[in-house]
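The analysis underlying the following values was restricted to heavy atoms, covering all of them including side chains, and did not include hydrogens, waters or symmetry mates.
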Amino acid sequence: VVARFPKAAGTGDLRYDLAAAADDPAVRVALKRLLAAIDGRCRSVLLLSAFAGQGRSFTAMALATAAADAGRSVLLVEADMRAPQLGDAFGVHPRVVLQDVLEGRAGPQAALIRLDAPGVDVIAAGTAAAEPTELLAGPGMESLLDWAKSYDLVVFDSPALDRHMDAGLVAVRVDGVLCCSGEDELSSAGMVVRRLGKLGANMLGVVSTQARTPEIPHSMETGHRRRM
């Protein structure tokens, strides 16, 4: 397990969870460990999970914001094109979305938006796509990754693996993969890590998103508050 987020960090309301995380020292510890895990190793990272409701979107957004706070240029790509939530969560519905980029109807620059995270560029999924698997496996994704090399870090969100193979298609194209999991599903997460590792994905480890006893060093309890 690379990092442990407290169980209360994910309530299902993404915007609220991110705001509340700014006051949680356990979240700041987890983000510090995630940044250390990818520092110098990865410029593109995918967040995935075996099942839905495992905190992928929260972790992806929080990681992107923490990296921007640390002075990095960051792009967040909402590659969950089956159940996108960023638009509704933040009240933003861009005209150009990821599907347009992957289909070649628009360039990535035209799809960039900003949410509540200063320093983070976002490409939203928009509305649910009919055939996201074909889009994620196509040449548009490779073109997007090439374009995004100007960023210090690119973070991908993705749908759960229990019903669709979308995340697996992206996993073999990025520099590193983090598997989000609740404490009760860690064995399933371990299977995902081993299976995708055999397919060639660089699995960085598991992120526990519902830890019952997250570790909080004393220095972090009284330290400087980071914005989210």
Please check: side-chain N/O of [X] versus main-chain N/O of [Y], any donor-acceptor pairing under 3.5 Å?
{"X": "Arg43", "Y": "Tyr151", "value": "yes"}
{"X": "Glu78", "Y": "Leu86", "value": "yes"}
{"X": "Gln54", "Y": "Ser49", "value": "no"}

| Can you tell me if CZ on Arg195 sees more than 12 non-hydrogen neighbours from other groups inside 6.0 Å? | no
Is any side-chain heavy atom of [X] closer than 4.5 Å to a side-chain heavy atom of [Y]?
{"X": "Val74", "Y": "Asp121", "answer": "no"}
{"X": "Asp146", "Y": "Ser143", "answer": "no"}
{"X": "Val174", "Y": "Val177", "answer": "yes"}
{"X": "Asp24", "Y": "Pro6", "answer": "yes"}
{"X": "Met81", "Y": "Leu98", "answer": "yes"}
{"X": "Leu34", "Y": "Val2", "answer": "yes"}
{"X": "Asp166", "Y": "Val170", "answer": "no"}

Does [X] come within less than 4.0 Å of [Y], counting only side-chain N to carboxylate O?
{"X": "Arg72", "Y": "Asp39", "result": "yes"}
{"X": "Asp175", "Y": "Arg41", "result": "no"}
{"X": "Asp100", "Y": "Arg95", "result": "no"}

Hey, what do you get for CD1 (Ile123) to CD1 (Ile113), rounding to the nearest 0.5 Å?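 It comes to 9.5 Å.
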- Query: Can you get from Leu76 to Phe5 by hopping between Ile, Leu, Val, Met, Phe, Trp and Tyr side chains that sit under 4.5 Å apart?
  - Reply: yes
Are Leu144 and Leu112 connected in the hydrophobic side-chain network, where two residues link if heavy atoms are under 4.5 Å apart?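 Same cluster.
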**Item:** Arg82 versus Ser158, side-chain donor and acceptor atoms under 3.5 Å
**Value:** no
#### Entry: Option from Leu153, Asp152, Val154, Val120 for which side-chain contact (heavy atoms from CB on, under 4.5 Å) with Leu75 holds
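Answer after filtering Leu153, Asp152, Val154, Val120: Val154.
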